[in-house]
Every structure is written in C-alpha cells, then in structure tokens.
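Here is the structure we will look at, set down as structure tokens.
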Protein chains: 2
Amino acid sequence: MTGESDCLLCPMRQLSIFAGLTIEDLSPLGMVVEDIHLPAGATLYRQGENARYAFTLRSGAMKLSVHRRHQDENRIVRLLRYGDLLGFEGLNQARLHYQHTATALDASDLCLLDLTALNRLSEDRPKVRQALIGRWQSALEEAEFQLVEIGAGKAEACVAAFLCHWCRVFPDGAWVPFPIERKELADYLGFSAAHVSRVMADFKRNGYVKESGKRINIQYIPLRRIAGA
Amino acid sequence: MTGESDCLLCPMRQLSIFAGLTIEDLSPLGMVVEDIHLPAGATLYRQGENARYAFTLRSGAMKLSVHRRHQDENRIVRLLRYGDLLGFEGLNQARLHYQHTATALDASDLCLLDLTALNRLSEDRPKVRQALIGRWQSALEEAEFQLVEIGAGKAEACVAAFLCHWCRVFPDGAWVPFPIERKELADYLGFSAAHVSRVMADFKRNGYVKESGKRINIQYIPLRRIAGA
DNA sequence: CGAGTACTTGAACCCATTCAACTTAGGTGG
DNA sequence: CCACCTAAGTTGAATGGGTTCAAGTACTCG
C-alpha cells in the first residue's frame, strides 16, 4: 500500500511543487516522501482531523467535500486530478485540521509530504514558496470557477461548462477519464441527481457528448445556444 | 483623495498583514503606502487590468465581481470589510492582471501597497509571509463558504446563512453596517433581486431581522427550522 | 448468470423567475 | 422646509425549471 520513493526520479516532478529545483536543492533536504495507493471510494482524510501531511495526486482522481451543518447532503468543493496538491491547509499555522474530507473517485496514487518539512522547505527555497502560492491561487480560482460558471444559471449551462472545464487539459475530441457518478456530479453542481441525469441523457441524445465506461468524449457543445436560451 | 501615511501609526495595524512586526522590522523597508478614499459606487480596479498594487480596506465595504462570459449579469465573488486585503492575486507571479473588478459599496478608505515591495517584504519576513498565507487561506475559505452555505439550497436558508455570516464579527443583537442593495445581494447569492426582496421582507415581517438606513439588526433567525423545511 | 447498484424516465408539486405595477425612501432645488 | 423626482424596494400573477418520489432499465462485478 505504501512505500518510499525518490522525488528526483518522479515522472511528475515538472508538474509538482518541486518543479525547477535541481538535485542539489532537493537531495539534502531529507524529506521523506511516501507513496500511497487508494482504491476507488477510499477516504484519505476526514474534515476536522489533525493535518500533518499534504498529498500530491499522481494518478486517479479525488474529491474534497464538506459536511453541511444543517443538512444531510455533502457538498463537493473541489475535484482533483493528476498533479493537484491537497491537504495543504495545514501550511497555514492557524489551521491545524483538514477543512475537507478527501475521497478517491477512482483508484489513485499519491505521495505524502510532511507539512513541517514542507514548511521548512518553503522558507528556504523561493521556488517552492512560489509554487505553493501558485497552488493556493489555483485552488482559489477553481473555487471561483465553481461560483461563477456553475453556481448560477440553468442546469444545462452548468453541466456544459463543467464538462468543458473537466476536459480542458486534453486535446479536443479525446476520450477523457470521467470517474464521476451522477450523484457526485449533482453534489458538485448543486442540482439533484435526477436532473443531472436528465441533462446528461439529453446531451448524449443530441450527440453533444458520448460516454463509455468511465470515460467521456465531447463532440460539440453549443455553449452559445445553451447559455443564451 | 490620496496621501502618504505611516503604517506604524495605523490603528488597524494589529489586523493587518504587518501585525506582529516591530518598528525595527517596518521602518527601514521604505515601503511607500498611500491612502485612498473612494466614494460609494467607485471602481478601484477592473478585471484584466495590470496588477501593480494590493490594497487593505480600512473602512467601508467593497465587492469583488467578475464578468460572466456568456451572460450580461455580473457575479459577486467576495464581499470585503474592515481589515480585508484585496488585489493580491498579483503576488503570484503568473498572474499579472486583476482577476476581479473591485467596487466600493460604501464610502471606503484603503491603503495601497506596492506589490513588488510586498513581495520583497514577504521574502525577508516570515511573519509577513505567514500573514499573506493566512489571507490566501481566508479568501479560499470565504469562497468555500459561498459554495457550501449559499450556493445550494432554498433561498430562505441562503439569505439566513449569509446574514449570520455577515454579522458574525459583531456582538449578538448589534446594529451592523449593511451597505448592500437587494440587487447586489441577489448577485452574490445567485437569486433574482425580486426573490431576495421577498425573502428579506418576510424576515422583517416575522421579526427575524430589522433594517434601518444602511444598517441591519438580527433579532433571531430560526436556522434550524428554515434549513429543515 | 444473478444481484445489486447506478442510471433513466415520468408525473405532480414547488420554488424561483420574470415582468410589470405600485410603494417607499432619499436627495435636490425651489 | 417642503415638494418633487428618481432610484430602490415591494408585491402580484403567470410561467418555467428543478425537485421529489417512484418505477423501470441498464450496468457491472462476482
């Protein structure tokens, strides 16, 4: 399930917070980095638990969700993929607990980073510091994407915007991994599972997208028409 | 309209990113800080403009909004008050432009901070760095509050959650400045102005809240009942 | 191949939108 | 200081989109 690994050999390093660091930067740091493998559905950490580690997602997909106070449903606040960093709220010394529950949507590989070591590293290395600031910024932008593009408007437009956003890093027309159930998509978008299902079914009937197994393929989504209606 | 000021004498310093710094820390930095005063409705900066300065809000209230691509309406992504920092997206070197449009909801005083100087300062002073990380964290938490408590559910519950959140830093039962129009509240919550007005009017009729001029007074909001319904 | 889970679909209901009319509040000039 | 004027807030009625709940269908995994 877990084991040690060498960051210097990591094929993902260019995308990670250690990108741009040389061997001289990294090797003497003595940062122990562990590999973690999670099966689909497994929980990595829970909201409120002591935050001692951050994680880098190397493959698979995860969701961050929060328990709503007066409601039984869970709201999904972020979806993560290849290269994303999670659990770093503990870097802010005032936040000693995880703010979300992290669950694997699909079988996932992560590496574990000790937060105190990471903190020390960011003190010493401006590049790491910049990289971390960048992660904070993207987390914020992702949240604002959700607010702006998804938080209001008709369901069709929200689903369409999300699908385009989800597939944005892949070439047009590619078959993109899509390990997200209707219920989860609904929790993320703020609609009922039934209605999300309706919209997705319509999109498929209209030939906007295709689905096969846990992959999706965007053919052509008439964003203009959907938003304008 | 503008003038220089001395951070060391600022009555807000304990709340600001310079909190915890001594005179020795601050005085030799040569950071020029300017005072800015804005009348209600004035725009401080616009989405897409070159980001050279961050700002600290010393009094009044502001909103950050984004223009929606396929929509004419603007979505409000954050509301700011006393002590809040805005415009710091430029600290991330990859973001040279403001991500939002900043507009004064009320007559407001701010101080202007040069971003490059602020960057230098955060390199040298761990306390400033920590304070900035804290600001990033609160921006993120604020966005997630909006997602979780306000982005889904019945309008009554959203309005109630927002009002409690807005008044949280004041003592219970206090008259709290509330320079937010129905239309703006609607843009923030993602409802129509008409419906927000209806809900607010109901709340007032039921004695949950009182309004007078640009101030509000929460008497008692039965959150449990509203959310449970 | 069977069982359980996810997905789809229908119908009734409910909440929010829309648009328009009306009321209130705040500000300006006489 | 009052009368007017404008912008903001309130309210009603009709419409429409989304939820809910339940039934039926299609996967997927063992």
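Given the structure is predicted, the values throughout are model-derived calculations rather than measurements. Just so it is clear, the values below take in all heavy atoms, side chains as well, and ignore hydrogens, waters and symmetry mates. Proteins come first, then strands; the chains are lettered A, B, ... in the order of their sequence lines, and each starts at number 1.
For B:Glu142, the side-chain hydrogen bond (donor to acceptor under 3.5 Å, both in side chains) criterion is met by B:His165, not counting sequence neighbours. Applying the side chain to side chain contact (heavy atoms under 4.5 Å, CB included) criterion to B:Asn92, with sequence neighbours excluded, gives A:Ile133, A:Gln137, B:Ala94, B:Arg95. Residues meeting the side chain to side chain contact (heavy atoms under 4.5 Å, CB included) test with B:Asn217, sequence neighbours left out: B:Trp175, B:Lys210, B:Gln219. By the side-chain hydrogen bond (donor to acceptor under 3.5 Å, both in side chains) test, B:Arg182 pairs with B:Glu211, sequence neighbours left out. In this structure B:Ala201 satisfies the side chain to side chain contact (heavy atoms under 4.5 Å, CB included) test together with B:Arg205, sequence neighbours excluded. With sequence neighbours left out, the side chain to side chain contact (heavy atoms under 4.5 Å, CB included) criterion links A:Ser192 to A:Ala194, A:His195.
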Quick one: side chains of residues 81-88 of chain A, donor-acceptor pairs under 3.5 Å with protein atoms, not counting sequence neighbours, listed by atom name and distance.
{"from": "A:Arg81", "atom 1": "NH1", "to": "A:Trp166", "atom 2": "O", "distance (Å)": "2.6"}
{"from": "A:Arg81", "atom 1": "NH2", "to": "A:Trp166", "atom 2": "O", "distance (Å)": "2.9"}
{"from": "A:Asp84", "atom 1": "OD2", "to": "A:Arg81", "atom 2": "N", "distance (Å)": "2.7"}

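Taking five base pairs at each end of the helix from C:dC1-D:dG30 to C:dG30-D:dC1 and finding the rotation axis that steps the C1' atoms of four pairs onto the next four gives two axes whose angle is 50°, to the nearest 10°.
Of the inter-residue distances, the one linking B:Glu49 atom CD with B:Thr43 atom OG1 reads 9.0 Å to the nearest 0.5 angstrom. Note that OH of B:Tyr188 is 10.5 Å distant from CG of B:Leu64, once rounded to the nearest 0.5 Å. Note that CG of B:Leu105 is 11.0 Å distant from CG of B:Leu38, once rounded to the nearest 0.5 Å.
Atom-to-atom, CD of A:Glu211 to C1' of D:dC27 comes out at 12 Å; the value is rounded to the nearest Å. Straight-line distance from the NZ atom of B:Lys154 to the C1' atom of D:dG17: 13 Å, rounded to whole Å.
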Under 3.5 Å, N/O pairs linking protein and nucleotides 23-25 of chain D:
none

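We find that A:Lys183 and A:Asp187 are joined by a salt bridge, their nearest charged nitrogen and carboxylate oxygen being less than 4.0 Å apart.
Counting heavy atoms of neighbouring residues, nucleotides and ligands inside a 6.0 Å radius, atom CG of B:Asp172 does not exceed 12 of them.
Along DNA chain C, read 5' to 3', the first and last nucleotides having any atom under 4.0 Å from a heavy atom of chain A are C:dA6 to C:dA11.
A heavy-atom distance below 4.0 Å to DNA chain C is reached by none of the residues of residues 175-188 of chain B. Within residues 191-199 of chain B, the residues that place at least one heavy atom under 4.0 Å from DNA chain D are, in residue-number order, B:Ala194, B:Ser197, B:Arg198.
Side-chain atoms of A:Glu149 never come within 3.5 Å of backbone atoms of A:Gln146 as a donor-acceptor pair (strictly under, hydrogens ignored). The backbone N or O of B:Asn74 sits nowhere less than 3.5 Å from a side-chain atom of B:Ser65 that would complete a donor-acceptor pair.
When each of B:Met200 and A:Ala155 is assigned the nucleotide of DNA chain D with its nearest heavy atom, B:Met200 is the one assigned upstream, toward the 5' end.
Looking at every heavy atom in both residues, B:Arg225 comes nearest to B:Tyr208 through NH2-OH, 2.8 Å.
Contact annotation for A:Lys214: no contact, since no heavy-atom pair falls under 4.0 Å across all strands.
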